[in-house]
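Only one structure is covered here, and it is reproduced in the block below.
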Amino acid sequence: MAKTIKKTLMKFTFSGVLLACTLPIALQLIFLSLESPSGALEIPPPSSVLAAPSNGKLQEVIKLGEGLLKQPEDVAVDKLGVLYTATRDGFIKRLHKNGTLENWRQINSDALLGLTVTAAGDLIVCDANRGLLKVNEDGVTVLASHLNNGAQISFADDVVESSDGVLYFSVASTKHGFHNWQLDAHETKHNGQLVKYDPLSNVASVILHNLGFANGVALSADQDYLVVCETWKYRCLKYWVEGDLKGQTEIFIDNLPGAPDNINLAPDGSFWIALIQLKPRFMYVSWALKYVIRVFPKLGKWMIGLQNKAVVVNIASDGSVVRSFDDLTGKVMSFVTSALEFEGYLYFGSLQNDFIGKLPLTTSSAY
C-alpha cells in the first residue's frame, strides 16, 4: 500500500513539474498565434519553376584547386586574370593563369566572404567578424569596423566598388552572425542593411535598412543603380545611386527559383546570380513557432536546411531571365554561392565544395 501511494505521489509530482514547465510556453504560443505583429518577417515560397528545364551543366565544371580550397565562398579577378578567393581556413588564395595556386595572405578569420578587386589593384574583403578589409602586398588593413553612428559592422557579406572609389557593401544581419545565419530567418523583422563607405571621409553609412538578409551587391554597367539580393525574400532590389531616381528603391526581380546569394555584373551588362536551395522545414506556419526557436535557438538551425543542389541564373538588365545552369542532383556542385564571368568562362564559389568551378560559356550558351 505504501509503495502504491509513493508511486502515485511521484506521478503527481512529475505531472506537476511538467505542467509548470510547459504551461507558460503553451499560453504564450496561443497568444502569439492569435496576434501577428506588424512588420513580421514574411518569407515567400520560392518559384517551383526554373528558368528552363534542368540541364545539368554545372556537372561539367572544371575543378580548380580541388582539395586545396576550403569552401571558397566568392571569386574575384584582377586585370591580369589572377583569381582571388577567401577560404574557411582564413586564407586569401590566388590562382594564377599558369595554374599555380598561392596561399597569398592568411587572415585570422573563418568568416571571410565577398570580395572585389579595386581599380587601384587592392583586394577588398568582407569579414563577417571585423567588417571591411583592404588586402594588398603591404598587408591587411581594416577599412571600416563601425558605422557613422558608432554601431559595429556585423556580418559584412558582399562588396562592390564604383568608379569614384566608393565601396558599397551588404550587412546580412545586424542580429545574427555568420555561424548562426539560419536564425535570422526566424526573426519577426528584417535585419539586413546596404552600406556606403566613402574612402575620402573614411565613413560608412547605411543607405538601406530592413532588408531580408542582404547578400550579393552589384553595380549596373552604367553605374546608375545597385542591385542588392534579399535572400529570405527570393528577390533582388534596385537602388538608384545616380539620375532623377537617385535614392529610390524598386524591385529588380522577384519570385526567383531559389534564395539569391552573390550577384556579379557580366560583360554584356546582365547579371549572374547564384541561388542557394533552402530546405525550409515548417517555414511558412504561424510565427508563434518562431517563439519556440527563440527559446531553443539550436532548433532554428535544423529548421533551415540546404538542399543538395546548385543553380545559377543569368538576368538581363531589364530583370528578365536569359539562361540558367544547374546541378539538381548535387553530384558535382552544391551550395553554389557566386558566379563570375571572365573571358568566356564562369567561375563558381561555394560553401560546400573544396574547389572553384570553371565552366566554358561557349559550349553552354543554351538554356
Side-chain angles (χ1 to χ4, degrees), residues 72-78 84-88 90-94 104-179 181 184 191-209 211 213-219 223 226-229 231 239 241 261-265 337-338 340 349 351:
E73 196 266 353
D74 196 15
V75 183
V77 62
D78 66 16
Y84 294 79
T85 191
T87 52
R88 295 318 98 209
F91 275 102
I92 302 294
K93 301 198 178 190
R94 297 198 296 198
W104 182 47
R105 288 284 180 271
Q106 186 169 22
I107 302 174
N108 187 27
S109 174
D110 64 351
L112 305 175
L113 299 173
L115 37 79
T116 192
V117 177
T118 68
D122 298 319
L123 185 71
I124 306 299
V125 183
C126 289
D127 185 343
N129 295 328
R130 290 190 289 173
L132 210 58
L133 311 181
K134 179 174 76 173
V135 186
N136 53 30
E137 296 295 344
D138 296 327
V140 180
T141 305
V142 178
L143 288 181
S145 60
H146 291 77
L147 299 172
N148 59 341
N149 62 5
Q152 184 174 351
I153 296 171
S154 60
F155 210 158
D157 198 307
D158 193 26
V159 60
V160 66
E161 183 193 42
S162 64
S163 58
D164 59 2
V166 170
L167 297 172
Y168 296 96
F169 66 97
S170 59
V171 171
S173 173
T174 58
K175 188 168 183 179
H176 299 287
F178 173 63
H179 296 291
W181 62 270
D184 193 72
N191 296 305
Q193 299 173 329
L194 181 62
V195 182
K196 175 182 178 180
Y197 172 76
D198 186 341
L200 297 179
S201 61
N202 195 33
V203 171
S205 53
V206 178
I207 56 177
L208 275 183
H209 296 266
L211 299 177
F213 203 84
N215 211 317
V217 181
L219 273 163
Q223 301 206 359
L226 286 159
V227 179
V228 57
C229 298
T231 300
Y239 177 80
V241 293
D261 201 301
N262 285 328
I263 180 172
N264 285 295
L265 180 69
T337 48
S338 64
L340 173 71
L351 277 175

Euclidean distance, I124 CD1 relative to L115 CG, rounded to 0.5 Å: 10.0 Å

Would D74 and Y84 count as a side-chain hydrogen bond (donor to acceptor under 3.5 Å, both in side chains) here? Give the steps. CA-CA 8 Å; D74 196 15; Y84 294 79; over 6 Å; no

Quick one: CG on L226 to CG on L208, what's the gap to the nearest 0.5 Å? 8.5 Å

Distance col, row T85:OG1 vs W104:CH2, nearest 0.5 angstrom, shows 12.5 Å

Contact summary for V75 and L340, nearest pair of heavy atoms: O-CD2, 3.6 Å

Might you point out which heavy atoms bring L211 and L194 nearest each other, and give the distance in Å? CD1-N, 3.9 Å

Could you tell me whether the side chains of Q223 and D164 share a donor-acceptor contact shorter than 3.5 Å? no

Find out whether L265 and L219 are in side-chain contact, i.e. whether some heavy atom of one side chain is under 4.5 Å from a heavy atom of the other. no

Nearest 0.5 angstrom please: L112 CG to F91 CZ, how far? 11.0 Å

List the atom of V217, the atom of F169, and the distance in Å for their closest heavy-atom pair. CG2-C, 4.3 Å

To the nearest 0.5 Å, what is the distance between CG (L147) and OG (S205)? 8.0 Å

Keeping T141 on the side-chain end and L143 on the backbone end, is there a donor-acceptor pair under 3.5 Å? no

Closest non-hydrogen atom pair between C126 and V159, with its separation: SG-CB, 3.8 Å

Would you sort out whether T231 and N215 count as a side-chain hydrogen bond (donor to acceptor under 3.5 Å, both in side chains), showing the intermediate values? CA-CA 6 Å; T231 300; N215 211 317; 3.0 Å; yes

CG/N108: more than 12 non-hydrogen atoms of other groups inside 6.0 Å: no

Would the distance check show the side chain of S338 and the main-chain N or O of E73 forming a donor-acceptor pair, the cut-off being under 3.5 Å? yes

Do you know which two heavy atoms are closest between A214 and Q193, and how far apart they sit? CB-O, 3.5 Å

With rounding to the nearest 0.5 Å, note down the distance linking OG1 in T337 to CG in D261. 5.0 Å

Scan residues 113-127 for pairs that pass side-chain hydrogen bond (donor to acceptor under 3.5 Å, both in side chains), counting only residues two or more places apart or in two chains. S109-D127, D122-N136, D127-R130

Residue pairs passing the salt bridge (charged side-chain N to carboxylate O under 4.0 Å, His left out) test where at least one lies in residues 144-162, sequence neighbours excluded: none

Might you point out which heavy atoms bring A144 and I153 nearest each other, and give the distance in Å? O-CD1, 3.7 Å

Can you run down the salt bridge (charged side-chain N to carboxylate O under 4.0 Å, His left out) pairs that involve residues 133-152, sequence neighbours left out, and say none if there aren't any? R94-E137, R105-E137

